[in-house]
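Shown below is the structure under consideration.
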Amino acid sequence: MLSAQDRPLVGEGYDNRPIGVFDSGYGGLTVARELQRRLPEESIVYFGDSARCPYGPRDQAEVDRFVQQICTWLLGQDVKMIVIACNTATAAGLSHAQRVFDVPVVGVVEPGARAAAHTTINRRVGVIATKGTVDSNAYSEAIRHIDAGITVFSTATPRFVEIAEMGLKLADGPIEDYLSGAAKVYIRPEFEEIAREYLEPLRRCEIDTLVLGCTHYPLLKALIGGVVGRPVTLVSSAEETAWDVAHILRRRRSFAEPGNVPAAAFFTTGADTAEFRRFGGRVLSRPMDVVEHVDLPELVVS
Ligand code: DGL
């Protein structure tokens, strides 16, 4: 691994090293997909910690430890920056990671909060996320930091992670746009009932903007949008995070060289790499060439 001094990070032109992206499983691929769309010349190393998914119900200290381990592992792959493409992990471990590691580390909460604060008109914003993210108050603090006049209503919706992962196994084809035939797999009475139970109280709060505060939830846009109805705008952090990454690379002059042929490498702690490849490719909307397995004992804190 190159030392900090050896890295051509600032002011030296281009940097073809990959961007490291991670999540507890498939959800972060919604962010990776936006990165590939927005920055097509950038290489990506994606790490899905499927063996320890879900992160949502775990305590913050444990998830923070996972973040330290995975960032250490990604730096071993010589990444030039790290995107924590998981809200739960961002809430639990972003600041610690930023203090410890010498590459830029960005999370998804601040970008999502910004998107919501800039979207709401009546200044009533709902946030749905895992229990870990909701308990951390990360979204309400980040939104109010941008606009102290916004009222935030947060609800933990843990079963949505389960539904998002379940739906991937129920249909074929890429979930390219959320209204595609494949995305409609989520429109089922049993899922709608769960969604109504979670979302009705938020509807009654007269929110006009709803943050999908978990990177798995964009897969459920059709389901969630159908239940909350048209006056509510759904926002997620994927696009906004990709913008942030682009700004950082531009300011640090560390874009990949024009014409760079990007590589994408995928790793999972899950036992079934073939399954990760099949379902992950659907979220990414493009095939994953190879998925490699990483054993949990390989993950150590530097
Ligand atoms: N994708 C993760 C997030 O954004 C949550 C999934 C999980 O509970 O592991 O919070």
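What you see is a predicted model; the values in this text were computed from it and never measured. Every number for a ligand or one of its atoms is a count from 1 in the order of the listing.
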Is the terminal nitrogen or CZ of R159 (NZ for Lys, CZ for Arg) located under 6.0 angstrom from the six-membered ring centre of Y198 and within 45° of that ring's axis?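 No, cation not above the ring by the 6.0 Å, 45° rule.
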
Distance only, no hydrogens: is a donor on one side chain within 3.5 Å (strictly under) of an acceptor on the other, for N260 and Y14?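 Checked: N260/Y14 side chains show no N/O donor-acceptor pair below 3.5 Å.
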
Among residues at least two apart in sequence or on other chains, which ones pass side-chain contact (heavy atoms from CB on, under 4.5 Å) with P54?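 Partners of P54 by the side-chain contact (heavy atoms from CB on, under 4.5 Å) criterion, ordered by chain and then number, come out as P57.
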
Go ahead and list the nitrogen or oxygen contacts between ligand 1 and the protein that come in under 3.5 Å, distances to 0.1 Å, or just say none.
| unit_1 | atom_1 | unit_2 | atom_2 | d |
| --- | --- | --- | --- | --- |
| ligand 1 | 1 (N) | D23 | OD1 | 2.9 |
| ligand 1 | 1 (N) | T215 | OG1 | 2.9 |
| ligand 1 | 1 (N) | H216 | ND1 | 2.9 |
| ligand 1 | 4 (O) | N87 | N | 2.8 |
| ligand 1 | 4 (O) | N87 | ND2 | 3.1 |
| ligand 1 | 4 (O) | T215 | N | 2.8 |
| ligand 1 | 4 (O) | T215 | OG1 | 3.2 |
| ligand 1 | 8 (O) | Y55 | N | 3.3 |
| ligand 1 | 8 (O) | G56 | N | 2.9 |
| ligand 1 | 9 (O) | S24 | OG | 2.6 |
| ligand 1 | 9 (O) | Y55 | N | 2.6 |
| ligand 1 | 10 (O) | N87 | N | 3.4 |
| ligand 1 | 10 (O) | T88 | N | 3.1 |
| ligand 1 | 10 (O) | T88 | OG1 | 2.6 |

G48 backbone acceptor or donor facing T268 side chain under 3.5 Å: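 Here the side-chain-to-backbone pair exists.
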
Each residue besides I121 in its hydrophobic cluster should be listed here, by chain and number; the cluster joins Ile, Leu, Val, Met, Phe, Trp and Tyr at side-chain heavy-atom distances under 4.5 Å.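 Answer for I121: none, a lone residue.
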
Who clusters with I143? Use side-chain heavy atoms, under 4.5 angstrom, across I, L, V, M, F, W and Y, and order the result by chain and number.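 I143 clusters with V109, V125, V127, Y139, I150, V152, V211, V235.
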
